[in-house]
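In what follows, a single structure is set out as structure tokens and then discussed.
None of these values were measured; they are calculated from a predicted model. The sequence lines fix the lettering, A, B, ..., with proteins before strands; numbering per chain opens at 1.
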Amino acid sequence: MEKKIVIRTRFAPSPTGYLHLGGARTALYSWLYARKQHGEFILRIEDTDAKRSSPKYLNSIIESLEWLGINWDGEVYFQSKRIEIYKEYAKKLISSGRAYYCFCPAKGEERKEEKELENCSCINLPSSKTKELENSNIPKVIRFKVPKESVKLYDLVREEITFQSDTISDFVILKSDGIATYNFAVVIDDALMKITHIIRGDDHISNTPRQLMLYKALDFKIPKYVHLSMILGSDRKRLSKRHGATSVTYFKENGYLPQALINYLSLLGWSTSDSQQILSKEDLLNKFSLKGISKNPAIFDYDKMLWMNGQYIRKMGIKELTNRFIDYLKKEKIYLSSKDKWYQEIAALHQSRIRTIRELLPQTSYLLNKDIEIEEDAANSYLNSKKTIEILKEVREFIALASDFSSNNLEEVLRNLIAKLKIEAKEIIHPLRVALTGTTASPGIFEVIHLLGKEKVLRRIDKVIQRSE
RNA sequence: GGCGCCAUCGUCUAGAGGACUAGGACAGGUGGUUCUCAGCCAUCAGACCGGGGUUCGAAUCCCCGUGGCGCUACCA
């Protein structure tokens with residue numbers, strides 16, 4: 001039987017910041033591609049830049065991936081633990097004549113010095129001289145000798161891209177501190193880890209010819225490539241901090257659901273042929289394919305993300321919604337364990353009114369807080385007339401007498417009052433809403449009365465009556 | 001500057017030469033449901049970057065422009 005090739009993809013973040021949306025999408029696509037084909041997905045941390053890497057970011061990236069449900073196979077690889085491997089391969093390239101030591105000083109910040117490398121003649125140093133310098137204290141790097149031939153990249157979504165090698169100069173593969181550069185380490189790792197498909201951002205396209213040359217020089221098998229276009233902010237610039245929320249952590253902490261983020265991200269640069277919008281993880285695993293990946297950069301639309309999250313909140317079980325609500329109450333230190341049943345009723349009543357869990361807090365403050373502030377405009381519109389106050393006095397008495405405080409019974413009681421007074425329902429409902437919630441928008445008034453409870457309701461009505469006198 | 005990628009409604013996209021009167025989703029408008037708001041339902045408006053080819057026929061293929069983005073480090 002023919003040996004089946006196992007698909008292996010990887011996600012290779014550098015721990016120099018939180019997991020951002022672009023990285024999360026790259027990870028997601030790689031993960032989907034591997035999982036769909038029962039392949040393997042590997043996590044590799046590219047932490048060769050010790051100055052910028054930090055454990056704080058590493059932990060946060062891992063936490064974010066776990067939150068999203070993107071799981072990886074085997075151990076987590078760290079490039080910082082593999083520096084000897086890179087060194088070994090760099091030496092190999094030296095001995096095969098594909099690389100050479102360079103003793104030139106590092107290029108300065110200034111663009112002007114671009115010519116510098118052309119003046120570098122280290123490649124022509126006689127071997128005796130090289131030996132001598134190698135053993136001296138002069139800092140040295142290893143440069144790859146770029147072959148004079150064009151390089152073709154076959155990208156699975158962009159097809160063939162050709163690069164002329166004369167636009168590429170001999171680049172550093174091993175820095176003077178003995179650590180491999182990105183372009184070198186990535187090739188060694190991907191080859192050694194038998195990665196079959198490299199799915200990454202298209203900011204790496206320009207790097208790819210260098211990597212391809214290294215594959216060839218080291219006689220490694222070239223993997224398949226898929227370059228994903230960038231995620232941009234609303235100003236069409238690459239998404240970054242100044243566009244606001246860009247880290248997965250932000251979404252996690254602000255009441256978004258992982259499945260909603262996954263769903264939204266999946267659609268940012270990929271689609272099904274029928275443009276299906278709501279896709280569960282199972283749907284994605286079934287339907288994901290390279291064919292649906294689009295080449296143009298995509299602007300992250302916070303509005304649509306919010307809508308998507310709302311969709312998932314509405315589909316959520318009430319128990320789960322309540323638990324998440326309670327988590328926020330705990331965070332705000334206003335949780336009362338005796339009120340779980342009440343919290344559940346609140347959550348149920350607001351389920352269709354929120355787009356993030358966090359929105360529950362401001363939307364239910366009139367229930368959670370002892371007292372309320374009445375908005376001036378609302379009061380002016382609904383609590384100003386003498387008649388209204390008289391009506392509220394009647395309402396107060398009816399409510400005070402009510403023994404059954406279910407919303408159904410409250411509705412019956414108040415509808416009776418409305419009939420008795422021969423007024424329109426809204427003449428009671430609107431002022432009552434303002435008196436009880438402080439605003440003109442809330443869930444159904446009878447549910448509000450029920451959830452508030454007799455004590456708070458009477459107190460708030462009394463306050464409004466007093467206020468008018 | 002050089003090299004590269006990309007180009008359909010405001011946004012995400014469907015579309016792989018005739019099925020396009022260019023479809024869906026978000027956002028927006030209007031109407032309905034209703035005690036308000038939200039939700040839900042219905043409905044409207046809204047795009048093929050420009051110019052040349054190729055072809056009987058182009059959103060789709062080719063070329064040139066233009067625009068956006070990326071890379072051009074001893075960052076990744």
Q: Go ahead and name the base partner of B:C61; Watson-Crick or wobble counts if both distances stay under 3.5 Å, otherwise write none.
A: B:G53
(Q) With a 3.5 Å distance limit and no angle check, can you tell me whether A:Glu159 reaches the backbone of A:Val157 through a side-chain donor-acceptor pair? (A) no
Q: Quick one: sort the A:Tyr366 and A:His350 rings into parallel, tilted or perpendicular, breaks at 30° and 60°.
A: tilted
Q) Just how far, in rounded Å, is P of B:G39 from CD of A:Gln363? A) 10 Å
**Q.** Pairwise P distance, B:A7 and B:U13 [rounded to whole Å]
**A.** 10 Å
Q. Hey, is the side chain of A:Thr167 pairing donor to acceptor with the base of B:C3 inside 3.5 Å?
A. no
Q) Within less than 4.0 Å of OP1 or OP2 of B:A76, is there a side-chain N or O belonging to A:Lys175? A) yes
(Q) Please classify the nucleic acid contact of A:Gln311 as base, sugar-phosphate, or nothing, using heavy-atom distances under 4.0 Å. (A) sugar-phosphate
(Q) Check this one for me: any side-chain N or O of A:Asn296 less than 4.0 Å away from OP1 or OP2 of B:U8? (A) yes
Q) The side chain of A:Ile161 lies closest to which of these nucleotides: B:C6, B:C35, B:G4? A) B:G4
Q. Is there a Watson-Crick or G-U wobble partner for B:A16 with both distances under 3.5 Å, and if so, which one is it?
A. none
Q) If you look at every strand shown and take non-hydrogen atoms under 4.0 Å, does A:Val172 touch a base, only sugar-phosphate, or nothing? A) sugar-phosphate
Q. So what does A:Ala298 hit on the nucleic acid, given a heavy-atom distance under 4.0 Å: a base, only sugar-phosphate, or nothing?
A. sugar-phosphate
Q | Side-chain donor/acceptor of A:Tyr29 to backbone N/O of A:Ser266, under 3.5 Å | A | yes
(Q) I'd like to know if A:Arg238 reaches the base of B:C69 with its side chain such that a donor and an acceptor end up less than 3.5 angstrom apart. (A) no
(Q) We want to know whether A:Asp274 and A:Thr272 form a side-chain donor-acceptor pair, criterion being a heavy-atom distance below 3.5 angstrom. (A) yes
Q) Under 3.5 Å, is there an N or O donor on one side and an acceptor on the other linking the side chain of A:Arg236 and the base of B:C69? A) no
(Q) Distance check, C1' atoms only: B:U11 and B:U55, in whole angstrom units. (A) 35 Å
Q. If pairing requires Watson-Crick or G-U wobble contacts with both distances under 3.5 Å, which nucleotide is the partner of B:C69?
A. B:G4
Q: Could you tell me whether A:Gly201 contacts a base, only the sugar-phosphate backbone, or nothing, with contacts defined as non-hydrogen atoms closer than 4.0 Å?
A: nothing
Q) Do A:Asn309 side-chain atoms and A:Leu257 backbone N/O form a donor-acceptor pair below 3.5 Å? A) yes
Q: Given side-chain contact (heavy atoms from CB on, under 4.5 Å), test A:Asp190 with A:Arg44 step by step and report yes or no.
A: CA-CA 10 Å; A:Asp190 284 333; A:Arg44 184 176 72 226; 2.9 Å; yes
Q. Within less than 4.0 Å of OP1 or OP2 of B:A14, is there a side-chain N or O belonging to A:Thr272?
A. no
**Q.** Closest-nucleotide ordering on RNA chain B, the 5'-leading residue of A:Phe300 and A:Arg433
**A.** A:Phe300
Q) Which one is paired to B:C74, where only Watson-Crick or G-U wobble pairs with both distances under 3.5 angstrom count? A) none
Q. What does A:Ser294 touch in the nucleic acid at a heavy-atom separation under 4.0 angstrom: a base, only the sugar-phosphate, or nothing?
A. sugar-phosphate
Q. What nucleic acid atoms does A:His350 come within less than 4.0 Å of, heavy atoms only: base, sugar-phosphate, or nothing?
A. nothing
Q. Can you find a donor-acceptor N/O pair under 3.5 angstrom joining the side chain of A:Ser271 to the base of B:G24?
A. no
Q: Would you mind classifying the nucleic acid contact of A:Thr181 as base, sugar-phosphate or nothing, using non-hydrogen atoms under 4.0 angstrom?
A: sugar-phosphate
Q: Choose from B:C12, B:C35, B:A27 the nucleotide whose nearest atom is closest to any side-chain atom of A:Leu268.
A: B:C12
Q) Is A:Ile445 touching bases, backbone alone, or none of the nucleic acid, heavy atoms closer than 4.0 Å? A) base
Q) Expressed in whole Å, how much space separates the C1' atoms belonging to B:A16 and B:U8? A) 14 Å
Q: Answer with base, sugar-phosphate or nothing: what part of the nucleic acid does A:Asp274 contact at a heavy-atom distance below 4.0 Å?
A: nothing
**Q.** Whole-Å gap separating P (B:C71) and NE2 (A:His204)
**A.** 9 Å
Q. Strictly under 6.0 Å, is that where the ring centroids of A:Tyr18 and A:Tyr57 end up?
A. yes
Q) Which base, if any, makes a Watson-Crick or G-U wobble pair with B:U43, both distances under 3.5 Å? A) B:G29
(Q) At 4.0 Å (heavy atoms only), tell me whether A:Lys291 reaches a base, stays on the sugar-phosphate, or touches nothing. (A) base
Q. Should A:Lys387 and A:Glu390 count as an ion pair when the cut-off is N to O under 4.0 Å?
A. no
Q. With a 4.0 Å cut-off on heavy atoms, is A:Lys295 in touch with a base, just the backbone sugar-phosphate, or nothing at all?
A. sugar-phosphate
Q) When all nucleic acid strands are considered with a 4.0 Å heavy-atom cut-off, which category describes A:Ser229: base, sugar-phosphate, or nothing? A) nothing
Q: Could you please name the option among B:C74, B:C40, B:C35 that lies closest to any side-chain atom of A:Glu447?
A: B:C35
Q: Assign A:Pro139 to base, sugar-phosphate, or nothing according to its heavy-atom contacts below 4.0 angstrom with the strands shown.
A: nothing
Q: Look at all strands and tell whether A:Ser234 reaches a base, only sugar-phosphate, or nothing, counting heavy atoms closer than 4.0 Å.
A: nothing
**Q.** Listed nucleotide nearest any side-chain atom of A:Trp307, set B:A27, B:G23, B:G39
**A.** B:A27
